[in-house]
A.B. asks: 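The structure's right below; bear with me while I get my questions together.
The sequence lines fix the lettering, A, B, ..., with proteins before strands; numbering per chain opens at 1. What you are looking at is a predicted structure, and each value in this text was computed from that prediction instead of being measured.
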Amino acid sequence: MKRRLSCVYKGEMNLLEEYRWRGMLQDSTQGADEALGKGPVKAYIGFDPTASSLHVGSLMPIMGLVHLQRMGHSPLVLLGGQTGLVGDPSGKIEERPVLPKDQVEENLSGIRGQLEHFLDFDSSVNPAQTVNNATWLADLQMVDFLRDVGKYFSVTSLLNKESIKRRVKDQDTGISFAEFSYVLLQAYDFLALNEKYGCTFQMGGSDQWGNITAGIQLIRKARNKKAYGITYPLVTGPEGNKFGKTETGTTWLDPKRTSPYRFYQFWMNVDDSLVIDYLKQFTLLEAKVIQDLRSVHNERPHERMPHRKLAEEITSLVHGQDGLSKARIATEVLFGGELGGLRADEIEDVFSDVPSSEMSESDLSDEGLSILDVVTNAGLTQSRSEARRAIEGGGLYLNNIRVTDIESRLEAGNAADGRFFVLRKGKKNYHLIRLLH
RNA sequence: GGUGGGGUACCGAAGCGGUCAAACGGGGCAGACUGUAAAUCUGCUGGCUCAGCCUUCGUAGGUUCGAAUCCUACCCCCACCA
């Protein structure tokens with residue numbers, strides 16, 4: 001059920017124009033437009049293996065590659081297995097911790113798996129490819145590197161790079177030689193990809209501009225060949241704050257780290273002022289469709305159609321139809337919908353994020369347990385008194401049905417599909433009890 | 001070291017012999033409204049076997065039928081003076 005996103009190159013479609021109207025173009029080097037117009041190209045983006053999963057912050061470059069492939073170009077994904085061992089100083093205030101090698105390995109395979117949701121690696125015409133720069137960096141000799149690459153860089157110009165300048169100035173943190181040299185490694189990556197794969201484009205976030213142009217210069221000076229670069233704008237939240245972070249942490253693409261439900265909710269909760277931008281940047285919907293969504297939203301904002309569409313599109317892209325339907329069921333249930341029709345495995349799935357405990361059937365023998373005790377033991381309330389007040393105030397639910405009687409007892413017969421008790425205090429405080437037979 | 005003021009529930013702050021589980025404000029929780037937002041409104045906000053009982057007003061004693069409130073000692077804070 002992998003989507004076919006690739007297609008044969010058609011000269012009349014212009015990638016940069018697509019990026020422009022979608023608000024995905026920050027900057028491009030001279031001649032990039034013409035070079036793309038001449039025929040299919042190979043373009044690469046490097047992904048950082050600092051974690052075993054990508055998060056929503058990487059979505060812009062990923063979508064960049066998706067558009068690229070849809071226009072018949074070939075995307076190349078560089079997994080920086082080696083550069084990950086050094087650490088890129090761009091956009092970082094402090095030196096980063098260096099990761100152990102086996103961790104980097106593990107991260108690489110996780111990331112590769114996620115990209116398969118977006119890119120077509122099996123196309124006969126323009127398949128996506130992943131490359132690990134260990135291929136050329138692992139056995140590189142220091143002296144060779146200095147001669148072939150180092151020679152082309154002036155320290156003065158390196159010191160003038162924004163990412164380095166800022167760190168050199170800061171007396172407290174400074175910059176290590178490893179990080180200082182990072183830009184050379186990335187430039188060398190581009191050179192290597194250019195030679196081995198005929199790659200002529202590099203793309204990346206706007207913080208990568210300095211690294212990208214360094215690569216282009218190296219290719220020009222060392223091989224007298226032309227190469228190009230494109231950067232995507234930085235995605236920010238409503239107050240310019242960091243995108244993708246919520247109270248519960250980073251929003252990851254890995255369903256084990258961020259459940260499809262939470263992922264879906266992340267997009268549902270996007271600020272109104274940004275939803276149209278995000279539709280352009282993170283979905284493949286066409287201009288006309290997005291325009292229509294915008295007018296619907298202006299007329300009936302409370303329906304939040306663009307949010308729904310945004311959440312659905314991206315969730316199905318990242319987690320598939322299956323993930324989307326899980327997220328939908330979870331949304332309905334977690335916002336107070338009926339629990340009755342759900343099967344045990346669906347309940348288990350919906351409430352997988354929720355604190356839970358277990359109880360054996362014998363605990364509930366004939367009399368059952370006082371709901372007050374159950375709620376308090378589950379940690380939903382601090383004391384029986386508090387549980388009592390919650391019920392009196394109408395704020396306690398069993399299996400999404402309001403509990404009205406303080407005296408009511410929990411019995412095996414109440415369990416949803418015979419296996420679960422779903423306790424809820426207020427709108428969002430859940431506790432799941434598994435009934436063991 | 002001297003003088004004065006003070007320690008009250010999650011926080012701020014009233015209370016100064018019984019009607020005090022303790023006003024009021026903030027925060028928190030819940031309900032209504034709503035767009036899963038904000039604002040607003042309502043209720044709750046020590047524990048329990050809950051029309052009752054038990055434990056709480058810096059700590060330890062005492063006076064009293066009865067103490068957060070009066071007395072004694074101690075501990076800690078703050079202000080001013082040295």
A.B. asks: Considering every strand and a 4.0 Å limit on heavy-atom distances, what is the contact class for A:Asn429: base, sugar-phosphate, or nothing?
C.D. replies: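 A:Asn429: backbone/sugar contact only, no base atoms under 4.0 Å.
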A.B. asks: Side chain of A:Ser383: nearest nucleotide among B:A37, B:G35, B:G47?
C.D. replies: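 Selected nucleotide (nearest to the side chain): B:G47.
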A.B. asks: Using distance alone, with no hydrogens and no angle criterion, decide if A:Gln208 and A:Asn211 have a side-chain donor and acceptor under 3.5 Å apart.
C.D. replies: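 Result is yes, a qualifying pair exists.
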A.B. asks: Between A:Ser295 (side chain only) and A:Asp292 (backbone N and O only), is there a donor and an acceptor less than 3.5 Å apart?
C.D. replies: yes
A.B. asks: Specify the closest pair of heavy atoms between A:Leu342 and A:Asp417, including all atoms of both residues, with the distance to one decimal.
C.D. replies: O-CB, 4.0 Å
A.B. asks: Between A:Lys428 and A:Ser385, just flag the one whose closest nucleotide in RNA chain B comes earlier from the 5' side.
C.D. replies: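 It is A:Lys428, whose closest nucleotide lies nearer the 5' terminus.
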A.B. asks: In whole Å, what separates the C1' atom of B:G12 from that of B:G35?
C.D. replies: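 The answer is 35 Å between these two C1' atoms.
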A.B. asks: Between B:U69 and B:A23, how many Å separate the two C1' atoms, rounded to a whole number?
C.D. replies: 15 Å
A.B. asks: On RNA chain B, compare the nucleotides closest to A:Thr376 and A:Arg308; which residue's is nearer the 5' end?
C.D. replies: A:Arg308
A.B. asks: Give one of base, sugar-phosphate or nothing for A:Glu392, where a contact means two heavy atoms less than 4.0 Å apart.
C.D. replies: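 Since no nucleic acid heavy atom lies under 4.0 Å of A:Glu392, the category is nothing.
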A.B. asks: Quantified in whole Å, what is the P atom distance between nucleotide B:U72 and nucleotide B:U63?
C.D. replies: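 Here B:U72 and B:U63 have their P atoms 15 Å from each other.
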A.B. asks: Round to a whole Å and report the spacing from NZ of A:Lys425 to P of B:U45.
C.D. replies: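 That distance rounds to 14 Å.
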A.B. asks: Between P on B:C50 and CG on A:Asp405, what's the gap in Å once rounded to a whole number?
C.D. replies: 13 Å
A.B. asks: Choose from B:G47, B:G35, B:U34 the nucleotide whose nearest atom is closest to any side-chain atom of A:Pro301.
C.D. replies: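 My answer, after comparing the listed nucleotides, is B:G35.
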A.B. asks: What contact category does A:Arg402 fall into here, base, sugar-phosphate, or nothing, at under 4.0 angstrom with non-hydrogen atoms?
C.D. replies: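 Sugar-phosphate, no base atom in range.
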A.B. asks: From CD of A:Gln265 over to P of B:A37, roughly how many Å is that when rounded to an integer?
C.D. replies: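 From A:Gln265 CD to B:A37 P: 10 Å.
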A.B. asks: Report the base-pairing partner of B:U36 (Watson-Crick or G-U wobble, both distances below 3.5 angstrom), or none.
C.D. replies: none
A.B. asks: Does B:A30 pair with anything, Watson-Crick or G-U wobble, both distances under 3.5 Å, and if so, with which nucleotide?
C.D. replies: B:U42
A.B. asks: Which whole number of Å gives the distance between the P atom of B:C75 and that of B:U64?
C.D. replies: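 28 Å, rounded to whole Å.
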A.B. asks: Decide if the gap between the ring center of A:Tyr197 and the ring center of A:Tyr44 is smaller than 6.0 angstrom.
C.D. replies: no
A.B. asks: What distance, rounded to whole Å, do you find between the two P atoms, one in B:U59 and one in B:C48?
C.D. replies: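 Pairwise P distance, B:U59 against B:C48, rounds to 23 Å.
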A.B. asks: Quote, to the nearest angstrom, the P distance that separates B:A37 from B:C33.
C.D. replies: 13 Å
A.B. asks: If only side-chain N and O atoms of A:Arg384 are considered, is one of them under 4.0 Å from the OP1 or OP2 phosphate oxygen of B:U49?
C.D. replies: yes
A.B. asks: Using atom P of each nucleotide, how far apart are B:C10 and B:C16 to the nearest Å?
C.D. replies: 23 Å
A.B. asks: Rounding to a whole Å, what distance do you find between A:Arg388:CZ and B:G47:P?
C.D. replies: 11 Å
A.B. asks: Going by purine N1 to pyrimidine N3 plus the second Watson-Crick contact, or the G-U wobble pair, all under 3.5 Å, which nucleotide sits opposite B:C50?
C.D. replies: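 Result: none.
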A.B. asks: Do A:Leu380 and A:Val374 have side chains that get closer than 4.5 Å, going by heavy atoms?
C.D. replies: no
A.B. asks: How close or far is atom C1' of B:U36 from atom CZ of A:Phe266, stated in whole angstroms?
C.D. replies: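 The distance from CZ of A:Phe266 to C1' of B:U36 comes to 15 Å, rounded to the nearest Å.
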A.B. asks: Take atom CZ of A:Arg304 and atom C1' of B:U36, then tell me their distance rounded to the nearest Å.
C.D. replies: 6 Å
A.B. asks: Name the orientation class of the two ring planes belonging to A:Trp267 and A:Tyr278 (parallel below 30°, tilted from 30 to 60°, perpendicular beyond 60°).
C.D. replies: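 Rings of A:Trp267 and A:Tyr278: perpendicular, as their planes differ by over 60°.
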A.B. asks: How long is the line joining CG of A:Leu372 and P of B:C50, in whole Å?
C.D. replies: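 So the CG-P distance, A:Leu372 to B:C50, works out to 10 Å.
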A.B. asks: Paired with B:A79 by Watson-Crick or G-U wobble geometry, both distances under 3.5 Å: which nucleotide is it?
C.D. replies: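 B:U3 - that is the nucleotide pairing with B:A79, both distances being under 3.5 Å.
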A.B. asks: Does B:G35 have its OP1 or OP2 closer than 4.0 Å to a side-chain nitrogen or oxygen of A:Asn269?
C.D. replies: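 For A:Asn269, the contact criterion (side-chain N or O under 4.0 Å from OP1 or OP2 of B:G35) is not met.
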A.B. asks: Is A:Tyr397 near enough to B:G31 that one of its side-chain N or O atoms lies under 4.0 angstrom from OP1 or OP2?
C.D. replies: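 Yes, A:Tyr397 has a side-chain N/O under 4.0 Å of OP1/OP2 on B:G31.
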A.B. asks: Could you work out the separation of B:A67 and B:A22 based on their C1' atoms and round it to a whole Å?
C.D. replies: 13 Å
A.B. asks: Any side-chain N or O of A:Thr331 less than 4.0 Å from the OP1 or OP2 oxygen of B:U36?
C.D. replies: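 Answer is no, no contact under 4.0 Å.
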A.B. asks: For A:Arg424 and B:C29, is the shortest distance between a side-chain N/O and OP1 or OP2 below 4.0 Å?
C.D. replies: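 Indeed not, no polar side-chain atom of A:Arg424 lies that close.
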A.B. asks: What is the distance from NE2 of A:His302 to P of B:U34, rounded to the nearest Å?
C.D. replies: 10 Å
A.B. asks: Centre-to-centre under 6.0 Å for A:Tyr430 and A:Phe351, is that the case here?
C.D. replies: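 Yes, the ring centres sit under 6.0 Å apart.
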A.B. asks: For B:C29, does the base pair up with any side-chain atom of A:Thr381 as donor and acceptor (N or O, under 3.5 Å, distance only)?
C.D. replies: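 Answer is no: no donor-acceptor pair is held.
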